[in-house]
Amino acid sequence: MILMADHLLTGDGATHRADAALRLDEKGRIAWIGSRREAAERWPQEEKKDYGEATLLPGLFDMHVHFGYYYSQPDLAEFDDFMIAYYALAQAKASLSLGITTIRDLSSPHGLLKRLRQAGEKGYVTVPRIIHADAGICMTGGHGHQDGIEEADGPWAVRAAIRRQCRDGADWVKLLTSNRADIPEFTQEELDAAVDECHRRGYKTAVHAGTQPSIQMCIDAGFDTIEHGTFMTVEQGRQMAEKGIAWVPTITAYTYLYEQTKKLIEEGGNTDNPIAARAIRDQAFFEPAYKAYRDNFKAIYDTGVTVLAGSDMVLYGAPPLPIHQELGYMVEYGITPLEAVRTATVNAAAVLGIGEETGCLKEGLAGDILAVKGDVSQNIRALDDVLEVFLGGRSVHCAGEAPR
Ligand SMILES: [Zn+2]
């Protein structure tokens with residue numbers, strides 16, 4: 001099978017090929033990349049699909065999702081374990097239809113993502129590649145404790161929580177250590193113990209830290225990814241670049257919360273959605289948060305810190321997994337479309353340690369491929385116009401066809 005289009009982005013942040021053909025082998029791997037003419041000459045008999053004025057690029061990664069966060073649904077009482085599993089499956093389907101072929105879930109109900117991945121392996125359902133951090137860990141009463149996050153206090157209890165979650169199948173470990181205020185939740189001792197426990201056993205660890213001094217404490221502890229980093233300074237970006245800590249800004253989530261809470265307040269502030277009610281109380285946080293991303297993103301990006309695209313959208317009624325919007329903000333705030341695509345492809349695969357398997361269009365890698373209408377190198381929002389999505393060389397979504 002040969003896929004062809006006017007444009008191809010490898011995902012490395014620099015390579016844009018005009019007039020491209022990509023050959024998939026029987027195992028669903030990328031066997032060859034060249035031009036339409038070369039493809040026609042070398043494989044005249046082989047099936048070819050030409051998308052025309054379109055872009056081929058690697059399937060995207062969403063590095064911050066919560067497939068099992070049903071907490072803002074209006075009919076919460078209906079959400080028993082069965083419904084939660086179907087909810088997570090719907091998220092998985094949405095991700096594939098948007099061209100997201102790999103996700104990192106950073107906390108969902110205990111065991112959910114492990115089973116979703118297993119169900120995919122058994123062939124019961126079609127899901128993206130899943131890397132997950134099981135339930136996540138916060139201090140007693142800390143950020144997220146209402147949402148099923150495991151609470152632990154003290155270095156040994158934190159280590160024990162990590163051991164339990166790893167025993168139960170977590171691929172990554174997620175801690176949460178800041179909420180909306182400048183008050184760190186975990187102590188430095190607890191953060192250091194968490195990173196030590198993960199790294200000595202070969203696990204990578206992500207941390208939710210949006211404010212000071214939590215961000216600095218997490219840089220000092222040496223986490224692998226800092227989630228949000230909302231009020232991060234340029235100097236801290238430099239430190240992260242030096243220490244190899246990646247940044248998942250989640251611009252869209254905070255911008256959406258800012259815009260939505262502003263609207264709700266203007267309308268009188270009445271909502272029966274408990275998550276939205278909480279967000280309204282936090283409006284004083286979301287406005288400077290949105291501005292911090294807008295004003296600082298480019299300068300922090302320029303420090304060389306590895307930036308990763310993550311959507312972290314869990315609000316009822318919000319657009320699902322808005323990773324295209326996330327890349328859109330990055331471009332709006334000053335980087336190129338090619339650089340933005342890299343945050344959701346090559347960078348993400350490298351941080352997850354699967355860069356030899358997926359995340360780039362190059363020979364030998366799995367056929368995780370997204371075809372979209374238009375030229376992504378000129379217009380990042382061409383990503384919204386998904387034509388077809390391949391996972392491991394198999395078509396898992398095609399525009400205009402019934403969902404699979
Ligand atoms: Zn999150």
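Counting starts at 1 for both ligands and their atoms, following the listed order. Only this structure's heavy atoms are used, side chains among them; waters, hydrogens and symmetry mates stay out.
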Legend entry - H64 near the Zn ion (ligand 1) via N/O/S, less than 2.8 Å: yes
Inset, instruction - For residues Y258 and Y290, establish whether the separation of their ring centroids is below 6.0 Å. - result: yes
Legend entry - Test of ring centre spacing under 6.0 Å for Y86 and F79: no
Inset, instruction - Look at E227 and state whether any of its N, O or S atoms is less than 2.8 Å from the Zn ion (ligand 1). - result: no
Inset, instruction - Check whether any N, O or S atom of H66 sits under 2.8 Å from the Zn ion (ligand 1). - result: yes
Legend entry - Residue among R115, E121, K122 satisfying side chain to side chain donor-acceptor pair (under 3.5 Å) with Q118: R115
Inset, instruction - Taking the Zn ion (ligand 1) as the reference point, name the nearest N/O/S atom of D312. - result: OD1
Legend entry - Non-hydrogen side-chain atoms of Y333 and N296 separated by less than 4.5 Å: no
